[in-house]
Structures are given as C-alpha cells and as structure tokens.
Amino acid sequence: SLSAGGIFASMVKKKRFECVELAFKDLDRDDIVFPEGSPKTMGLLNGARELAQQERGMTIEEVQKLMEAWKKAEPKSTFVDIFWVGLLSAAAWEARGHGLAREVSEEQWAQFKKLNLAAKARIDAASLNAKAHVLWPRMVSMVMADTGATQEELERYAIDYTDLLLFSCF
C-alpha cells in the first residue's frame with residue numbers, strides 16, 4: 001500500500017486537486033492524522049519528495065506548469081503555495097542526487113542551486129494564508145538551509161513569521 005506521501009503525490013500527479021484539498025482541509029495543526037493514523041503533515045511534506053522521485057526529477061518549468069494547473073483548479077488553495085516550495089526543493093535534491101558532496105558533479109550542483117533559488121523566490125510569492133500555515137516554517141527552513149541562509153537570516157525569518165501570525169489576526 002502507498003504511504004500518505006505517495007497517495008498525496010499520486011493525487012497531485014493525476015491533477016486530482018479537489019481530492020488533495022478535501023483530504024487536507026483540516027490540516028491546521030501538527031497532530032491531525034489520516035484514518036489509519038499517519039500524520040497528515042508528513043503526507044504533505046513527503047508528497048513533494050515522492051512526486052519528485054516518481055518523476056525522476058522535475059524542471060522549474062514542469063513544477064510551474066503543474067502548480068499553475070492546481071492554482072487554476074483551486075484558486076483559494078493554501079496548500080498549493082506550500083507544496084510548490086516543497087516540490088521545487090525536492091526536485092533540487094533529485095537533481096543533486098543523494099550521494100556524498102564530493103560525488104556530485106558541477107552540473108548537478110548547478111541544478112540544485114537553480115531549483116532551490118526558484119523555491120526561495122516562491123517563498124516570497126506565496127499567499128498570506130500559506131505563510132500563516134503550520135507547515136510553512138518547515139518548508140521555508142528547508143529551502144533556506146539549502147540555499148545557505150545564515151543564522152541571522154533564519155532568525156529574521158522566525159521573527160517575520162511570528163509577526164505575520166500576530167498581525168494577520170487583526
């Protein structure tokens with residue numbers, strides 16, 4: 001049987017965006033689970049990795065085309081922006097490969113950097129609802145770490161995220 005991430009990846013790949021939205025509509029905190037008990041947070045987070053692996057990597061254009069189809073089908077979606085960042089990050093790791101750093105070619109490093117910079121750009125383009133979601137800090141911290149963010153940048157992001165949560169409620 002497929003994992004929660006595999007099911008999520010399959011729904012996105014088949015463009016069953018309404019199913020994705022329905023399955024994850026209650027995901028507003030970490031302890032939400034599927035009926036069999038697996039955490040929904042991990043389903044969404046692992047779904048990006050599993051989709052990138054199933055596709056044996058993805059280009060920025062392929063990710064963009066799929067995510068724009070999702071946005072068109074579900075214009076009020078919070079998850080599309082979260083998943084978009086995660087899918088670009090996962091595609092970056094597929095492009096890099098999972099070997100030791102010394103085993104990675106210059107071309108693989110270049111693709112890794114290009115995809116992660118695209119993910120970082122998506123962070124800025126995401127909706128306020130996505131940025132206020134419980135999963136957002138996880139996605140952002142992965143991308144920021146992969147793009148070489150300094151401790152100061154990570155701390156500044158944490159402050160900005162806290163401010164967003166506080167002030168978006170008023």
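Count residues from 1 along the sequence.
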Close side-chain approach of Glu94 and Met58, heavy atoms under 4.5 Å = no
Should the heavy atoms of other residues, nucleotides or ligands under 6.0 Å from CD of Glu61 be counted, would the total exceed 12?
-> yes
Taking everything shown except Glu103 itself, do over 12 heavy atoms lie less than 6.0 Å from its CD?
-> yes
Tell me whether Trp93 is reachable from Leu44 by hopping between hydrophobic residues (I, L, V, M, F, W, Y) whose side-chain heavy atoms are closer than 4.5 Å.
-> no
Does a side-chain heavy-atom distance below 4.5 Å link Asn46 with Phe8?
-> no
Sub-4.5 Å side-chain heavy-atom contact between Phe17 and Leu66 = yes
Kindly check if the number of other-residue, nucleotide or ligand heavy atoms within 6.0 Å of NZ (Lys113) is above 12?
-> no
How about Glu50 and Ser3: do any of their side-chain heavy atoms sit closer than 4.5 Å?
-> yes
Measure from the ring center of Trp70 to the ring center of Phe79 and say whether it is less than 6.0 Å.
-> no
Min side-chain heavy-atom separation Val85-Met142 under 4.5 Å = no
Output yes when Glu21 and Lys76 qualify as a salt bridge under the 4.0 Å nitrogen-oxygen rule, no when they do not.
-> no
Tell me, do Asn116 and Leu88 make a side-chain contact under 4.5 Å, heavy atoms counted?
-> no
Transitive ILVMFWY side-chain link Trp109 to Val143, under 4.5 Å | no
For Arg122, which of Asp81, Leu87, Ile82, Ile60 qualifies under side-chain contact (heavy atoms from CB on, under 4.5 Å)?
-> Asp81
